[in-house]
Protein chains: 2
Amino acid sequence: TNYSFKVQAMIEKEVAESQKPDTFLRESDMGSNVTSNSSSVRGRFEKMIREAQDSVCLAIEKADGGAKFKEDVWSRPGGGGGISRVLQDGAVFEKAGVNVSVVYGVMPPEAYRAARPTDNGNVKPGPIPFFAAGVSSVLHPKNPFAPTLHFNYRYFETDAPKDAPGAPRQWWFGGGTDLTPAYIFEEDVKHFHSVQKAACDKFDASFYPRFKKWCDDYFYIKHRDERRGLGGIFFDDLNDYDQEMLLSFSTECANSVIPAYIPIIEKRKDTPFTDEHKAWQQLRRGRYVEFNLVYDRGTTFGLKTGGRIESILVSLPLTARWEYDHKPEEGTEEWKLLDACINPKEWI
Amino acid sequence: TNYSFKVQAMIEKEVAESQKPDTFLRESDMGSNVTSNSSSVRGRFEKMIREAQDSVCLAIEKADGGAKFKEDVWSRPGGGGGISRVLQDGAVFEKAGVNVSVVYGVMPPEAYRAARPTDNGNVKPGPIPFFAAGVSSVLHPKNPFAPTLHFNYRYFETDAPKDAPGAPRQWWFGGGTDLTPAYIFEEDVKHFHSVQKAACDKFDASFYPRFKKWCDDYFYIKHRDERRGLGGIFFDDLNDYDQEMLLSFSTECANSVIPAYIPIIEKRKDTPFTDEHKAWQQLRRGRYVEFNLVYDRGTTFGLKTGGRIESILVSLPLTARWEYDHKPEEGTEEWKLLDACINPKEWI
């Protein structure tokens with residue numbers, strides 16, 4: 001599905017807010033007289049991602065030991081909004097962003113068809129209103145031995161087409177958590193993947209192997225023929241399971257971020273390093289930028305649809321580096337990382 | 001015209017060469033029995049861009065006062081190839097790349113139609129072989145008061161369709177030279193634009209105003225609503241003038257790079273600066289990366305068609321920076337630069 005690349009500026013300009021509202025949902029989505037179950041999923045998903053934002057930010061501030069997140073709240077006149085939190089130049093973190101957003105938008109019908117794997121192609125033309133909510137985060141530590149973490153969990157729903165009253169809404173879940181180190185510590189990568197697998201295994205034994213491979217396939221920098229990092233889990237357009245089960249699964253994944261990541265940060269944040277280690281980390285940060293600006297759906301979708309630019313690009317590292325034709329010497333630690341990005345491994 | 005975004009990996013993998021050939025043209029393009037004039041334009045354009053590469057590299061080495069360009073020569077089995085020259089971490093230049101390339105490729109017919117403004121739409125389906133040659137360069141100085149320069153001059157030609165023997169080939173010229181400072185010195189920007197205007201005025205009084213505006217429009221970072229820099233000249237798909245005239249014009253533009261840029265570098269390369277000046281330069285370098293990876297046709301075309309990655313991405317700065325929600329204070333020098341990127345000015 002590639003609806004992301006077909007839509008154009010159909011999101012209103014955001015405005016800054018001084019207060020955090022209890023919900024970014026439209027009033028029509030919140031009433032006690034909700035008739036469909038999916039309507040209440042909107043509210044429960046928003047609650048989940050806001051709690052995930054709070055707990056991850058708290059854990060990051062604690063690990064950093066001093067720096068605090070700066071918060072920006074924004075909304076859109078027609079409904080929706082978000083909370084962006086950024087911690088910059090901390091003791092441990094170079095840049096950490098944790099955002100939640102709720103979007104009400106409209107997409108062209110061709111995009112709707114493309115995004116509906118089960119659709120039989122008989123949808124009448126006309127713009128389709130949609131709802132999207134998600135938590136998205138990128139955590140870039142300073143120490144080159146401490147890995148970058150990314151996670152994102154999102155829920156997407158379309159309104160029933162106007163010419164088909166009572167027709168079921170389409171909904172799906174997407175998300176993932178993945179690790180991007182500059183150097184491999186096998187115990188760290190094993191720990192990270194084990195936590196992802198445990199979260200998956202609570203729901204379906206097929207999830208971890210399937211979403212692990214999906215992650216390796218998704219975070220692929222085609223022009224380099226290498227992956228951005230060492231993967232984790234990734235899934236998208238997931239709607240062929242029970243909706244409640246997928247809501248619980250997304251919640252479990254979001255709750256697994258702290259146990260998967262914080263122990264690694266605690267272990268690596270003070271490891272001594274040289275200028276050469278730092279330069280290699282910066283080169284890998286350059287690859288991170290390449291992936292996000294050229295391939296990442298969330299980023300390219302956001303840039304093209306008029307999303308809040310500063311929230312979208314908070315995923316970019318504070319600093320990055322590009323050296324011409326840099327090739328690590330075979331057998332070095334840098335080479336081992338690159339090799340694992342070129343040839344994804346089974347870590348557990 | 002947007003043929004660039006429709007083509008997919010139809011260029012062969014390149015191989016490294018130890019020797020520079022006299023020409024990268026296919027033998028069939030070089031013989032003395034050439035029957036069409038456009039065939040010899042290929043050879044004369046290649047000669048021009050290789051001379052431009054030599055003279056610019058010499059001038060940059062001289063301005064740097066110590067560092068030397070590293071050269072990589074490569075070719076493709078079916079014809080074509082290139083010379084990449086990169087100077088990294090010099091005394092004056094952080095990263096300077098000057099590349100020439102000659103490409104023989106094949107594009108889908110829909111792309112061909114899109115790229116031919118005069119076509120009447122009756123082209124039979126079937127892949128269209130094309131020839132493209134160009135010189136491309138990005139020069140990033142270290143000193144935040146010394147501006148980045150980019151220039152690119154290219155010639156594009158399609159082979160006559162197989163089912164229409166004797167039908168004229170399509171050809172066009174493209175290119176431009178533009179300046180990207182982190183701080184404005186009005187005399188520098190005026191000097192730069194004056195040299196561009198003088199080159200244009202030798203050929204057509206409409207060229208400078210038209211290509212100056214085209215440049216402002218092209219180097220537009222849509223998601224920021226700002227331009228990458230302070231412009232210069234830019235043109236593309238130019239074929240509605242005499243072919244010889246456009247070859248001379250491209251040559252004149254390429255020859256204007258040194259007089260337009262080197263005097264500015266000499267004046268600014270040793271200006272004292274603070275960490276704050278450097279951080280602002282690095283933020284602007286981040287914008288440079290955003291433009292090149294998200295919008296630049298040459299880059300996105302190259303990444304998608306299997307071009308030589310290291311040559312394409314040599315345009316990226318050695319280092320770049322992204323700060324969350326950075327806004328220069330009104331009236332500061334940083335604000336003045338940003339304002340000129342948001343509201344393009346007439347410099348002369």
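The chains referred to below are lettered A, B, ... by the order of the sequence lines, with proteins before strands, and numbering in each begins at 1.
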Test salt bridge (charged side-chain N to carboxylate O under 4.0 Å, His left out) on A:Lys222 and A:Glu290 and set out the steps. CA-CA 10 Å; A:Lys222 191 172 185 291; A:Glu290 286 179 32; over 6 Å; no

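Both tests hold for B:Arg228 against B:Tyr288: distance to the six-membered ring centre under 6.0 Å, angle to the ring axis within 45°.
At a 4.5 Å heavy-atom cutoff, the contact between A:Val86 and chain B is made by side-chain atoms alone. A:Leu303 touches chain B through backbone and side chain together, each having a heavy atom under 4.5 Å away. In this structure, chain B has heavy atoms under 4.5 Å from both the backbone and the side chain of A:Glu323.
The ring-ring contact (aromatic ring centres under 6.0 Å, His included) test with B:Phe145 is passed by exactly one of B:Phe273, B:Tyr183, B:Trp280: B:Tyr183.
Contact tally against chain A (heavy-atom pairs below 4.5 Å) for B:Leu293, B:Val294, B:Leu313: the top residue is B:Leu293. Contact tally against chain A (heavy-atom pairs below 4.5 Å) for B:Lys95, B:His223, B:His326: the top residue is B:His223. With chain B as the partner, the residue from A:Thr319, A:Leu318, A:Asp89 showing the most heavy-atom pairs under 4.5 Å is A:Leu318.
For the atom pair CG of B:Leu283 and CG of B:Leu337, the computed distance is 11.0 Å after rounding to the nearest 0.5 Å.
Remark: A:Lys20 engages A:Glu71 in a salt bridge, criterion side-chain N to carboxylate O under 4.0 Å.
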